[in-house]
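To find a chain, count down the sequence lines: A is the first, B the second, and so on, and within it residues start at 1. FYI, side chains are in, hydrogens and waters are out, and symmetry mates aren't considered; it's all heavy atoms of this structure. Since this is a predicted model, take the numbers as computed values, not measurements.
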Protein chains: 2
Amino acid sequence: MQNIDPRKKPQYPIEAVDNALRLLQLLRDGGKLRLKDAAAELGVAPSTAHRLLAMLVYRGFAVQDEFKNYVPGEAIGVGPARLGWTRLLRQLSQPHMELLSGRLNETVNLMVRVGTKVRFLSTSEGSNALRVGDRQGSVMPAHKASGGKAILAELDPVMVHKLFSSNSAEIGGDYISEQAYPAFQRELDAVRRNGFAANFEGTEEGISALGMSLHNWRGEVIGALSVATPLARFRPLFDAGLVQAIGETRRQLEVDIAANPADGE
Amino acid sequence: MQNIDPRKKPQYPIEAVDNALRLLQLLRDGGKLRLKDAAAELGVAPSTAHRLLAMLVYRGFAVQDEFKNYVPGEAIGVGPARLGWTRLLRQLSQPHMELLSGRLNETVNLMVRVGTKVRFLSTSEGSNALRVGDRQGSVMPAHKASGGKAILAELDPVMVHKLFSSNSAEIGGDYISEQAYPAFQRELDAVRRNGFAANFEGTEEGISALGMSLHNWRGEVIGALSVATPLARFRPLFDAGLVQAIGETRRQLEVDIAANPADGE
DNA sequence: ATCGATATTCTGCATGACAGAATTATATTG
DNA sequence: CAATATAATTCTGTCATGCAGAATATCGAT
């Protein structure tokens, strides 16, 4: 049984990974998947399919709807970044983020916006015993994450409005109704005035975050930093000068960014 | 060390899968990845990272550029199908595809178009010793695959032209230059006249295929069937009435499709 | 050519991915 | 509203297989 196949199976295949990737494709192309069907498709026991799907859920590639069906998660369908500078940004940010997370003992995130989403490029975890976990690779609605709001606040309001009323927003699940929009608009205005954005359990249970935008030498927004903390610690941190701490880090990082050519933009 | 994390790690995690999914995210957000960096990011040996990346390549989630860098493949960034009827289509097609592949001893594919791409929903492999392998889950440029051409030929030419000149086509790597377009246009005209489309090694080395479009009760194109064969067998098959065989299958399948409500469309 | 760096192949061993059974949750039926 | 059926999830022993490390190959630079 010889299969002609230019894309031949690797010589040391990893079955678990192959199954996971096939599930990813099924989820993408079928829209939804029940555990039993998934098991049947892959030819594995339901228990195994369950473990695989649990991993997809964990990494944001799937979520379970109210009837236990597995459906595509945020992470499915976000295109590859055509942004060439994300690597550089990540590199430049790392030391600054580590410094900041070390100083505050809280977790610091770096993110960029793509469409109505923000993508977490990297995380520097704080050293507190109880801390917010790594979010690298996560994708969240930009209008809910603190860093996302910080970015959106500095874009042309008309463009933002279009963005979140478009039907691409609908597909992504980030549509904001005309009715709800004024409130959102006002929040962005406040963010613009304050110079930072906050998020109290808007994306994840028990987690609050404070975000601030990042700019290139030309003054254009290119991304954001955010500090994420357990809800209970937010207030004390804020009173102890959280905004200034992030602001300081932002300032220094932007100097670094300005100093580097970043050919793409 | 207690991490606050609403999205907690599954209790029986699969490390290999987790690593693969993280590579997927890195690839998406970083654009490109060298083996060594991948290994460093994951905290695994280069040999392990190599195996993982080989799997991603195998399933179309990554490709290697000329300098051995791993870059996102076709499968990354194709959004989830908002098409609810793909499940139904797959279901209805299956018996017909099995019949046809059994009759011809060749591999039969079912695909739908999304943007400038076609997605392979399912495959029924022929029983020949040497045959074309399973393509389920694959994503290919619609203008190169036989089934894709069959679909495009029946769409509004103006819309097709826009589709492949848009800069979303550029992002997807399917851009057709104004210079090359007339030839493509003529090919689609020929397809329309013939009622089928062919593909000789346009997508994969040594493989040829013949594709025919599928319609719903209203006469609108909804997808395509294709028969894929090793290049050497194409001619004899064609002369033995390949077109008629597929046409017959298509006719019967379309009866089934028309008979089923397909609420979405 | 020679070296250095990075990518790929190979192999033994211990880990951890798998199946199957047990348990729980959810749907269906009389 | 039981009672039953079906599907999802948890648990556990076993053996396959994913991992690391070494060997080899490939590519670039000097």
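- The side chain of N19(B) approaches dC19(D) more closely than any other nucleotide in the set dC18(C), dC19(D), dT9(C).
- Residue A16(A) has its side chain nearest to dC18(C) when only dC19(D), dT9(D), dC18(C) are considered.
- Projected onto DNA chain D by closest heavy-atom contact, P13(A) and P46(A) fall at different nucleotides, the more 5' of which corresponds to P46(A).
- Among the atoms of the strands shown, none is found under 4.0 Å from any heavy atom of V17(A).
- Among dC18(C), dT8(C), dA20(D), the nucleotide with an atom closest to any side-chain atom of H50(B) is dT8(C).
- Counting any heavy atom pair closer than 4.0 Å across all strands shown, E66(A) reaches no nucleic acid atom.
- Rounded to an integer number of Å, the gap from L42(B) CG to dA20(D) P is 10 Å.
- With rounding to whole Å, D18(A) atom CG is found 15 Å from dA17(C) atom P.
- Atom CD of Q91(B) sits in a sparse spot, with 12 or fewer heavy atoms from other residues, nucleotides or ligands closer than 6.0 Å.
- Base engagement by R51(A) is indicated by at least one non-hydrogen atom pair under 4.0 Å involving a base atom.
- A 4.5 Å side-chain heavy-atom check between L231(A) and F200(A) finds at least one atom pair inside the cut-off.
- Put simply, CG on D65(B) is 14 Å from C1' on dT6(C), counting in whole angstrom units.
- Spacing between atom CE of M55(B) and atom C1' of dT9(C) amounts to 17 Å, rounded to whole angstrom units.
- With rounding to whole Å, Q11(A) atom CD is found 8 Å from dT8(C) atom C1'.
- Regarding L35(A), its CG atom lies at a distance of 14 Å from the C1' atom of dT24(C), rounded to whole Å.
- Rounding to the nearest 0.5 Å places CD of Q94(A) at 11.5 Å from CG of L89(A).
- Between L53(B) and L35(B), the closest side-chain pair of non-hydrogen atoms falls below 4.5 Å.
- Across dA7(C), dT17(D), dT9(C), the shortest atom-to-atom separation from the side chain of E15(A) is found for dT17(D).
- Closest to the side chain of K36(A), from the set dT9(C), dC11(D), dA7(D), is dA7(D).
- Residues I176(B) and H143(B) share a closest heavy-atom pair of CD1-CD2, 3.8 Å.
- At whole-Å resolution of the value, CG in L53(A) and C1' in dA17(C) are 15 Å apart.
- If you check every strand for non-hydrogen atoms under 4.0 Å, Y12(A) touches a base.
- Straight-line distance from the CG atom of D37(A) to the C1' atom of dA8(D): 13 Å, rounded to whole Å.
- Residue contacts for I14(B): at a heavy-atom cut-off of 4.0 Å it reaches the sugar-phosphate backbone alone, with no base atom in range.
- No N or O donor and acceptor, one from the side chain of T48(A) and one from the base of dA17(C), sit under 3.5 Å apart.
- Of all nucleotides listed (dA7(C), dA20(D), dT9(D)), dA7(C) comes nearest to the side chain of Q64(B).
- Between M111(A) and R119(A), every side-chain heavy-atom pair lies at or beyond the 4.5 Å cut-off.
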